[in-house]
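Below, chains carry the letters A, B, ... as their sequence lines are ordered, and counting in each starts from 1.
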Amino acid sequence: MKQRVSALLREKFGREVILEKPKDRSFGHFATPIAFSLAKELRKSPMAIAEELASSFENNDVFSSVESVKGYLNFRLSENFLSEYGTWALENQTDFAKQEKNEKILLEFVSANPTGPLHIGHARGAVYGDTLLRLARHLGYDITAEYYVNDAGNQIDLLGLSIQLEGRATVLGEDVQYPESYYRGEYLTSLVDGAIEKFGIEILSDESRQKELALWAKDGVMNIITKDLGDLNIFFDTFVNESSLYDDWERVLHKMGDSIYEKDDKMWIASESKGDEKDRVVVREDGRPTYLAGDIVYHNQKFERGYAHYINIWGADHHGYIPRVKAAVEFLGYDSAKLEVLLSQMVSLLKDGEPYKMSKRAGNVILMSDIVEEIGSDALRFIFASKKSDTALEFDLAEFKKQDSSNPIFYIQYAHARINTILSKSNFTKEEILKSSFKGLDENADSLLFDALLLPEIIEDAFNSRQVQKLPEYLKALAASLHKFYYDCRIIGNEDEAKLLKLFLVVALSLKTGLSLMGIEAKDHMSKEEEFTTAI
RNA sequence: GCGUCCAUAGCUCAGCUGGAUAGAGCAAUGCCCUUCUAAGGCAUAGGCCAAAGGUUCGAAUCCUUUUGGGCGUACCA
């Protein structure tokens, strides 16, 4: 819709025209301040220019009116245009708001270490990534969702140790000495049980078998992680194991040539020359690769797979890591501009005023699965998707648990359910409704139709700007328009009942499509919990 | 110290590539169910958009500085 108008104006004026949505619908559907920018070069007042431009728009299929107000050019879309578009949308529901971008994108997100269940901070990145994924798919991108599994390195050794400690303390009843860092949590008990079953109880005390234990255990942890993600409707296309990449190490080293050098018995990458603060160690004196080494092979492998664009979603605490990875990509001979790193900021959770410090190594984590259990996947997804991902978010768990009108997901679901209820109460059949015309709608109805048809622009804008919160913001506003319309205008029995129902079908389509892009299923009915009143 | 992100209503947050009177939810106050689910609607109140400069016809938005925060600044991930 906007593209159409925008293209029309571009053709007419021979330049890109800024198109905006006026705050007040009485100004029209779209507006442009173009007269202000033309004022200088034409040496005329914006008002005069706007007047001239407005009067040049006669006999137009798209606009019913073009007016100049205080230098702005305000456009009102014609009934014909809106009506045809609305009808098209209902006839092509699955294609509504879809596009064919046809670009191959690799989206890597979550990638939490396979050493424990996901916590609330991971959930934010997961929701952000999955929402982007869904938006991109809808826009026709050929996008792959990938999870990078860090199944090599210190954290894996620590997993083996942690299982042994847990087992020795709880099963063998030993008085164990805990080191400074080790994992703890309920999931370890089931791993201990599984390990005993698989390897026999002696594995708990054999330090030489820690690695073996860990490599077995990480698969169990990955099962927990993918199950938790599945509960949030998040699914990955591919998993890449860090451990599988090191066979390639020699070749990748060679590929980077002089940018890798040896000093003090260690291997370094000359990342400082590419904007990093300093050069970094990639292989230690004892031959063990650092974390960065894994990322170098991994990114080489990514680029060799040949995508047009790469998106990584990282926790914001890794932001300092971006320059060195980009440097490595450059050294490998690729364009680091193709690699886009998006950050998912910290989530701080309060509970009765107590701040929770989120650290995976401390025992005191808020498990994502616990929150999903308490408030549900829909509410969690909605709240995370509603906030800009790159700004810190703080919320109180107590507030989060409320399941009333303060929860916007209920508000939107209620709007969708309302439409469904009215449809089922109407005597008109779906065919009759679809056959009726949008023409002759009053201003409020016209405005609602326009709002509902705005979804395609919102989706494209949300993805292009990587600001997924634009979608929930839009859905909230559309639901509000629907609720208000519903209150003001009785549908059943209205002389325009069929066409109003058709209008509602468009609203429902946008709500449903929008929700599905957030991984939320639109509800047709809201069941209100019975309130029992005590008899006196 | 350096890098980076941020600062908008009492609270949690929106505010599109600069544009018409600064927005929502919660909390507060007052209304609206003989009417399609009141999980709803309406109204009131609440703001020197952290501060100061600058660019512009026009700034919450862009630039600089200051103040106050988060995060990073590892051969940890």
> In whole angstroms, how far is the C1' atom of B:C16 from the CE atom of A:Met1?
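Atom-to-atom, A:Met1 to B:C16, this comes out as 15 Å.
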> Here's a test of your reading of the structure: between A:Ile422 and A:Ala152, which maps to the more 5' nucleotide of RNA chain B?
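That would be A:Ile422.
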> Run the side chain to side chain contact (heavy atoms under 4.5 Å, CB included) test against A:Asp524 and tell me which residues pass, sequence neighbours left out.
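Partners of A:Asp524 under the side chain to side chain contact (heavy atoms under 4.5 Å, CB included) test: A:His416, A:Asn420.
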> With rounding to the nearest 0.5 Å, note down the distance linking CZ in A:Arg10 to CZ in A:Arg15.
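With rounding to 0.5 Å, CZ (A:Arg10) is 13.0 Å from CZ (A:Arg15).
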> Work out how far the P atom of B:A27 is from that of B:U64, and round it to whole angstrom.
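One P to the other, the span is 41 Å.
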> Can you name the nearest heavy-atom pair linking A:Leu475 to A:Leu515, along with the distance?
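Reported closest heavy-atom pair: CD1-N, 3.8 Å.
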> Tell me if a side-chain donor or acceptor on A:Asn74 pairs with a main-chain N or O of A:Ala31 at a distance below 3.5 Å.
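A pair under 3.5 Å: no.
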> Is the charged tip of A:Arg184 near the ring of A:Tyr182: under 6.0 Å from the six-membered ring centre and within 45° of its axis?
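Cation-pi check for A:Arg184 and A:Tyr182: passes.
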> Between A:Asp264 and A:Thr32, name the one whose nearest nucleotide on RNA chain B is closer to the 5' end.
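Counting from the 5' end, the first nearest nucleotide belongs to A:Thr32.
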> Show which side-chain atoms of residues 488-501 of chain A pair as donor or acceptor with protein atoms under 3.5 Å away, not counting sequence neighbours.
unit_1	atom_1	unit_2	atom_2	d
A:Asp488	OD2	A:Lys484	NZ	3.3
A:Arg490	NE	A:Ile492	O	3.4
A:Asn494	OD1	A:Asp496	N	2.8
A:Asn494	ND2	A:Arg490	O	3.1
A:Glu497	OE1	A:Gly493	N	2.7
A:Glu497	OE2	A:Ser426	OG	2.6
A:Lys499	NZ	A:Lys439	O	2.4

> Please identify each residue that fulfils side chain to side chain contact (heavy atoms under 4.5 Å, CB included) with A:Lys70, with sequence neighbours left out.
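Not a single residue meets the side chain to side chain contact (heavy atoms under 4.5 Å, CB included) criterion with A:Lys70.
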> With sugar-phosphate meaning primed atoms plus P, OP1 and OP2, does A:Gln469 contact a base, only sugar-phosphate, or nothing at under 4.0 Å between heavy atoms?
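If one applies the 4.0 Å heavy-atom cut-off, A:Gln469 turns out to touch the sugar-phosphate alone, with no base involved.
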> Could you pull out all residues at least two apart from A:Thr391 that satisfy side chain to side chain contact (heavy atoms under 4.5 Å, CB included)?
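In terms of side chain to side chain contact (heavy atoms under 4.5 Å, CB included), with neighbours along the sequence ignored, A:Thr391 is linked to A:Lys388.
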> Of the options B:G15, B:C36, B:A20, whose atoms approach the side-chain atoms of A:Gln467 most closely?
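Of B:G15, B:C36, B:A20, B:G15 is nearest to the side chain of A:Gln467.
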> For A:Leu393, which contact category applies under a 4.0 Å heavy-atom criterion: base, sugar-phosphate, or nothing?
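Sugar-phosphate contact only - A:Leu393 comes under 4.0 Å of backbone atoms but never of a base.
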> Can you identify which nucleotide, out of B:U17, B:G72, B:U21, has its nearest atom closest to the A:Lys2 side chain?
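Per side-chain heavy atoms of A:Lys2, the pick is B:U17.
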> Could you list the protein-to-nucleotides 56-63 of chain B atom pairs, N/O on both sides, closer than 3.5 Å?
unit_1	atom_1	unit_2	atom_2	d
B:C57	OP1	A:Lys40	NZ	2.5

> Quick check on contacts: within residues 284-302 of chain A, what sits under 4.0 Å from RNA chain B by heavy-atom distance?
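Here the set is A:Arg284, A:Thr290, A:Tyr291.
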> I'd like a table of atom pairs between the protein and nucleotides 41-44 of chain B - only N or O on both sides, under 3.5 Å - with the distance next to each one.
unit_1	atom_1	unit_2	atom_2	d
B:G41	OP1	A:Tyr411	OH	2.5

> Please name all residues satisfying side-chain hydrogen bond (donor to acceptor under 3.5 Å, both in side chains) with A:Arg418, sequence neighbours left out, ordered by chain then number.
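For A:Arg418, the residues satisfying side-chain hydrogen bond (donor to acceptor under 3.5 Å, both in side chains) (neighbours in sequence not counted) are A:Tyr414, A:His483.
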> Mark yes or no: A:Arg466 above the aromatic ring of A:Phe463, with NZ or CZ under 6.0 Å from the six-membered ring centre and no more than 45 degrees from the axis.
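Relative to the ring axis of A:Phe463, which defines the angle, A:Arg466 lies inside both limits.
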> Nearest to the side chain of A:Met346, heavy atoms from C-beta on, is which of B:G70, B:C16, B:A39?
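Taking heavy atoms from C-beta onward, the closest nucleotide is B:G70.
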> Who does B:A59 pair with, Watson-Crick or G-U, both distances under 3.5 Å?
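Across all strands, not a single nucleotide pairs with B:A59.
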> Restricting to ring-ring contact (aromatic ring centres under 6.0 Å, His included), what partner residues turn up for A:Phe331, sequence neighbours left out?
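Once residues adjacent in sequence are excluded, A:Phe331 has no partner under the ring-ring contact (aromatic ring centres under 6.0 Å, His included) criterion.
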> Knowing that exactly one of A:Ser259, A:Ser336, A:Ser273, A:Ser271 qualifies, which makes a side-chain hydrogen bond (donor to acceptor under 3.5 Å, both in side chains) with A:Glu330?
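When side-chain hydrogen bond (donor to acceptor under 3.5 Å, both in side chains) is applied between A:Glu330 and each of A:Ser259, A:Ser336, A:Ser273, A:Ser271, only A:Ser336 qualifies.
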> Is there a side-chain contact between A:Asn154 and the phosphate of B:A77, meaning an N or O under 4.0 Å from OP1 or OP2?
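Answer is yes, contact under 4.0 Å.
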> Does A:Lys23 place a side-chain N or O at less than 4.0 Å from the phosphate oxygens OP1/OP2 of B:G15?
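Negative; the distance criterion is not met.
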> Say we look at B:C26 and B:A39: how far apart would their C1' atoms be, to the nearest angstrom?
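Result for the C1' pair: 15 Å, nearest Å.
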> Counting Watson-Crick and G-U wobble pairs only, both distances under 3.5 Å, name the nucleotide matched with B:U17, or none.
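When the pairing criteria are applied, nothing turns out to pair with B:U17, so the answer is none.
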> Taking N or O atoms only and anything under 3.5 Å, show me the protein contacts with nucleotides 3-9 of chain B, one pair per line.
unit_1	atom_1	unit_2	atom_2	d
B:G3	N2	A:His319	NE2	2.5
B:C5	O2'	A:Asp390	O	3.2

> Say you pick atom P in B:U56 and the same atom in B:U17; how far apart are they, in whole Å?
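Those two atoms are separated by 22 Å.
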> May I ask you to check whether A:Phe450 and A:Phe30 place their ring centers less than 6.0 Å from one another?
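Yes, they do, as the ring centres are separated by less than 6.0 Å.
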> With sequence neighbours excluded, give me every side chain to side chain donor-acceptor pair (under 3.5 Å) pair touching residues 29-39 of chain A.
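Qualifying pairs, neighbours excluded: A:His29-A:Asp446.
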> Would you classify A:Ala316 as touching base, sugar-phosphate or nothing, given that sugar-phosphate means primed atoms plus P, OP1 and OP2, and contacts are heavy atoms under 4.0 Å?
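Counting heavy atoms under 4.0 Å across all strands, the contact made by A:Ala316 is with sugar-phosphate only.
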> Identify the nucleotide, in any strand shown, that forms a Watson-Crick or G-U wobble pair with B:U29, with both distances under 3.5 Å; if there is none, say none.
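The answer is B:A43, by the H-bond criterion.
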> For B:G3, what is the paired nucleotide under Watson-Crick or G-U wobble rules, both distances under 3.5 Å?
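When the pairing criteria are applied, B:C71 turns out to be the nucleotide that pairs with B:G3.
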> By the 4.0 Å heavy-atom rule, please label A:Leu19 as base, sugar-phosphate, or nothing.
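Base, at least one base atom sits under 4.0 Å.
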> State which residues pass side chain to side chain contact (heavy atoms under 4.5 Å, CB included) with A:Val341; sequence neighbours excluded, sorted by chain then number.
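A:Val341: side chain to side chain contact (heavy atoms under 4.5 Å, CB included) contacts with A:Asn312, A:Trp314, A:Ile322, A:Leu339, A:Leu343.
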